[in-house]
Novice: 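First the structure, which I've put down as C-alpha cells, then a few questions once you've had a look.
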Amino acid sequence: MSTSSPLPGGSWPLGEVTVTRFGYGAMQLAGPGVMGPPTDPDAAISTLREVVDLGITHIDTADAYGPRITNELIRTALHPYPESLHIVTKVGASRDEHGGWPPARGREDVRRAVQDNLEVLGLDVLDVVNLRLGDATGPQDGSLLEPFETLVELQQQGLIRHLGVSNATATQVAEARSIAPIVCVQNMYNLAHRQDDDLIDDLAAAGVAYVPFFPLGGFSPLQSSELSAVADRLGSTSMSVALAWLLQRSPNVLLIPGTSSSTHLRENVIGAGLVLSEDDLAALDRIGRPVG
C-alpha cells in the first residue's frame, strides 16, 4: 500500500487522505511539561514551516497540548493550509493546574474538544480524530463505547473524516473496529517497548496505520548496547537508527517524532532514511524481547 515519496518510508493512506509515513508530532512545541507557550515562539513557527517545506504531510497534535498552544501555533504558521497537509488530532484528555492529564471522555467533553480543535485550527472538518484512552501510565481496560460513539455521531455530521484510537489495548482496538472503521492506532512503541508487535501485524493485514508515540523513548531516551553498536557501525546516532528501524518494522508504521528545532527535524528526516541490513535488524530485534 506504500507509494513513492521523497521522504523516507514513502506514504500511507489514512482513509481517503494519504500522508507521508514520516510525519511530525507537535507536542514539544508547547512550554515545559507541555504547558503554556514556548520559550521561543519564532523558532516554533519556523519549525512548523520547515515541516511543510520538507514535504511532510502529517502533523499530529491535540488541543490538550498547552492547552491549545500547539494548535494556535499550527494555525499561525501554516493557515491557510496546503491542500496536501493533513492534521491529525486527539480528544479524550484535558489538563489540570498541576500539568496532569485527567480523562475527558464524557459525551459533552468529546463534543467540546472536537469543536475546540476545529475553532483553534481554523478548520471546517478534521481529517482524523483519535480517541485517547487510558491515562498517563498507559492503556487501561474498559469499554470505549460512549466516547467512540460520540465521535461517530460527529463524523456523521461531517465534522470528522476519519477516526482512530490512542493509548488503547488490543481489546479496545477491536471494540472500536466493531463500531466503525478506524484508520490508525496511536500507542507507545519503540525498540525497547515491543508490547504491540502482534497488534502492528494484525493492523497491517487490515490496512490500518500504527503510529508509535515516544518513538525515541520519550522522557527516558532509548539506551541499549545493541543499539549503540549498530549506530557506531553505521557511523550514525542511536536515535537515527531507532527511527529507521521503526520505518522498516512494518509498512503501516507512521512516524511522528517531535522537536521544536528545525535543525533537529532535518536530522530526524536524514536519520530515518538509514538502510539497515539484515544483520542490523537481527541485532536490533533482540532489544525489548524477553530473554529465554
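Just so you know, these numbers use all the heavy atoms, side chains as well, and skip hydrogens, waters and symmetry mates. For the single chain, residues carry numbers from 1 onward in sequence order. Only a predicted model underlies this, so the values are computations on that prediction, with no experimental measurement involved.
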Novice: Name all residues meeting the salt bridge (charged side-chain N to carboxylate O under 4.0 Å, His left out) criterion together with E149; count only those two or more places apart in sequence or in a different chain, and write none if there are none.
Specialist: R107
Novice: With a 4.5 Å limit on heavy-atom distance, are the side chains of N252 and W12 in contact?
Specialist: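 A side-chain contact under 4.5 Å exists here.
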Novice: What closest approach, in Å, do G164 and I182 show between heavy atoms, and which atom pair accounts for it?
Specialist: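 That closest heavy-atom pairing would be CA-CB, 4.2 Å.
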Novice: Quick check: do M188 and N167 have side-chain heavy atoms less than 4.5 Å from each other?
Specialist: no
Novice: Is there a side-chain contact between L163 and F148 (heavy atoms, below 4.5 Å)?
Specialist: yes
Novice: How long is the gap from CG on L281 to CZ on R286, to the nearest 0.5 Å?
Specialist: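 L281 atom CG to R286 atom CZ measures 11.0 Å (nearest 0.5 Å).
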Novice: Shortest non-hydrogen contact from R21 to L247?
Specialist: NH2-O, 2.8 Å
Novice: May I have the list of side-chain donor-acceptor pairs in residues 199-210 shorter than 3.5 Å, sequence neighbours left out?
Specialist:
unit_1, atom_1, unit_2, atom_2, d
D201, OD1, R249, NH1, 3.1
D201, OD1, R249, NH2, 3.3
Y210, OH, D196, OD2, 2.7

Novice: What pairs with P32 under side chain to side chain contact (heavy atoms under 4.5 Å, CB included), at least two apart in sequence or on another chain?
Specialist: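 So P32 forms no side chain to side chain contact (heavy atoms under 4.5 Å, CB included) with any residue.
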Novice: Could you measure the distance from the CG atom of L276 to the CD atom of Q248? Nearest 0.5 Å is fine.
Specialist: 4.0 Å
Novice: I would like to know whether D116 and V91 meet side chain to side chain contact (heavy atoms under 4.5 Å, CB included); could you show each step before the answer?
Specialist: CA-CA 10 Å; D116 285 348; V91 301; over 6 Å; no
Novice: Looking just at side-chain N and O atoms, do D135 and T137 make a donor-acceptor pair shorter than 3.5 Å?
Specialist: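 Looking only at side-chain atoms, T137 and D135 do form a donor-acceptor pair, the distance falling under 3.5 Å.
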Novice: S166 side chain to Q186 main-chain N or O, any donor-acceptor pair under 3.5 Å?
Specialist: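 At least one qualifying donor-acceptor pair exists.
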Novice: Which residues pass the ring pair (Phe, Tyr, Trp, His ring centres under 6.0 Å) test with H98, sequence neighbours left out?
Specialist: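 With sequence neighbours excluded, H98 shows a ring pair (Phe, Tyr, Trp, His ring centres under 6.0 Å) to no residue whatsoever.
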Novice: Report the residues that fulfil side chain to side chain contact (heavy atoms under 4.5 Å, CB included) with A64, sequence neighbours left out, ordered by chain and then residue number.
Specialist: R95, W101
Novice: So, for P212 and V253, which heavy atoms are closest and what is the spacing to 0.1 Å?
Specialist: CD-CG1, 3.8 Å
Novice: Please walk me through it: do T70 and T61 pass side-chain hydrogen bond (donor to acceptor under 3.5 Å, both in side chains)?
Specialist: CA-CA 7 Å; T70 62; T61 186; 2.9 Å; yes
Novice: What distance separates L29 CG from S261 OG, expressed to the nearest 0.5 Å?
Specialist: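 If I round to the nearest 0.5 Å, the distance is 11.0 Å.
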Novice: Are L78 and I87 close enough, and set up right, to give a side chain to side chain contact (heavy atoms under 4.5 Å, CB included), and what steps lead you there?
Specialist: CA-CA 11 Å; L78 302 175; I87 299 173; over 6 Å; no
Novice: So which atom in Q155 and which in I160 form the shortest heavy-atom distance, rounded to 0.1 Å?
Specialist: CG-O, 3.3 Å
Novice: Looking only at heavy atoms, which two atoms of A26 and I74 are closest? And how far apart?
Specialist: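 Looking at all heavy atoms of both residues, the shortest contact is CB-CD1, 4.2 Å.
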Novice: Side chains of D285 and R194: closer than 4.5 Å at any heavy-atom pair?
Specialist: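 Of all side-chain heavy-atom pairs linking R194 with D285, at least one is under 4.5 Å.
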Novice: Check the surroundings of atom CG in D198: do more than 12 heavy atoms from other residues, nucleotides or ligands lie under 6.0 Å from it?
Specialist: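 No.
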Novice: Without swapping roles, check the side chain of E226 against the backbone of I287 for a donor-acceptor pair under 3.5 Å.
Specialist: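 No, the answer is negative, given that no donor and acceptor are paired below the 3.5 Å cut-off.
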Novice: Could you walk me through whether Y189 and D197 satisfy the side-chain hydrogen bond (donor to acceptor under 3.5 Å, both in side chains) test, starting with their C-alpha distance in whole Å, then the side-chain angles of each, then the deciding distance to 0.1 Å, before giving a yes or no?
Specialist: CA-CA 9 Å; Y189 180 85; D197 273 331; 2.5 Å; yes
Novice: Enumerate the salt bridge (charged side-chain N to carboxylate O under 4.0 Å, His left out) contacts for residues 46-60, please, sequence neighbours excluded, ordered by first and then second residue.
Specialist: E50-R266, D60-K90
Novice: Verify side chain to side chain contact (heavy atoms under 4.5 Å, CB included) between C184 and L14, making sure each step is shown before the conclusion.
Specialist: CA-CA 7 Å; C184 56; L14 295 176; 4.2 Å; yes
Novice: Under 3.5 Å, sequence neighbours excluded: what are the donor-acceptor pairs made by side chains of residues 171-178?
Specialist:
unit_1, atom_1, unit_2, atom_2, d
Q172, OE1, T169, N, 2.9
Q172, OE1, T169, OG1, 3.4
Q172, NE2, Q140, O, 2.7
Q172, NE2, G142, O, 2.8
E175, OE1, L144, N, 3.2
E175, OE2, S143, OG, 2.7
S178, OG, E175, O, 2.6

Novice: Ring pair (Phe, Tyr, Trp, His ring centres under 6.0 Å) with Y81: which residues, sequence neighbours excluded?
Specialist: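 Result, ring pair (Phe, Tyr, Trp, His ring centres under 6.0 Å) vs Y81: H79.
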Novice: Linking I/L/V/M/F/W/Y whenever their side-chain heavy atoms sit closer than 4.5 Å, directly or via other members, would L159 and V120 fall into one cluster?
Specialist: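 No, it is not one cluster - the side chains of L159 and V120 are not joined through contacts under 4.5 Å.
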Novice: State the CG-CG distance between L151 and L131, to the nearest 0.5 angstrom.
Specialist: 5.5 Å
Novice: With a cut-off of 3.5 Å and sequence neighbours excluded, list every side-chain donor-acceptor pair involving residues 122-130.
Specialist:
unit_1, atom_1, unit_2, atom_2, d
D127, OD1, R161, NH1, 2.6
D127, OD2, H86, ND1, 2.8
N130, OD1, V165, N, 3.4

Novice: Distance check, rounded to the nearest 0.5 Å: T76 atom OG1 versus L48 atom CG?
Specialist: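 Answer rounded to 0.5 Å: 9.5 Å.
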Novice: State whether a side-chain donor-acceptor pair under 3.5 Å links N71 with N117.
Specialist: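 Indeed, the side chains of N71 and N117 share at least one donor-acceptor pair under 3.5 Å.
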Novice: Which heavy atom of M35 sits nearest a heavy atom of P67, and at what distance?
Specialist: SD-CD, 4.3 Å
Novice: Answer yes if V52 and I270 sit in the same cluster of Ile, Leu, Val, Met, Phe, Trp and Tyr residues linked by side chain heavy atoms under 4.5 Å apart, and no otherwise.
Specialist: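 In one cluster with V52: I270, no.
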Novice: Can you pull the salt bridge (charged side-chain N to carboxylate O under 4.0 Å, His left out) pairs that have at least one residue in residues 231-244, sequence neighbours excluded?
Specialist: R233-D280
Novice: Can you pull out every salt bridge (charged side-chain N to carboxylate O under 4.0 Å, His left out) where at least one residue sits in residues 237-248? Sequence neighbours excluded, please.
Specialist: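 Residue pairs with at least one partner in residues 237-248: there are none.
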Novice: Should the pair E72-R75 be classified as a salt bridge under the 4.0 Å nitrogen-to-oxygen rule?
Specialist: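 No.
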Novice: Within the 3.5 Å criterion, strictly below it, is a donor on S225 or S228 matched to an acceptor on the partner's side chain?
Specialist: no
Novice: Quick one: CG on L274 to OG on S240, what's the gap to the nearest 0.5 Å?
Specialist: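 So the gap between those two atoms works out to 5.5 Å.
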Novice: List the steps and the verdict of side chain to side chain contact (heavy atoms under 4.5 Å, CB included) for Y24 and T47.
Specialist: CA-CA 10 Å; Y24 172 73; T47 300; 3.8 Å; yes
Novice: Less than 3.5 Å apart, which donor and acceptor atoms pair up between the side chains of residues 39-46 and the rest of the protein, not counting sequence neighbours?
Specialist:
unit_1, atom_1, unit_2, atom_2, d
D40, OD1, D42, N, 3.3
D40, OD1, A43, N, 3.1
S46, OG, D42, O, 3.0

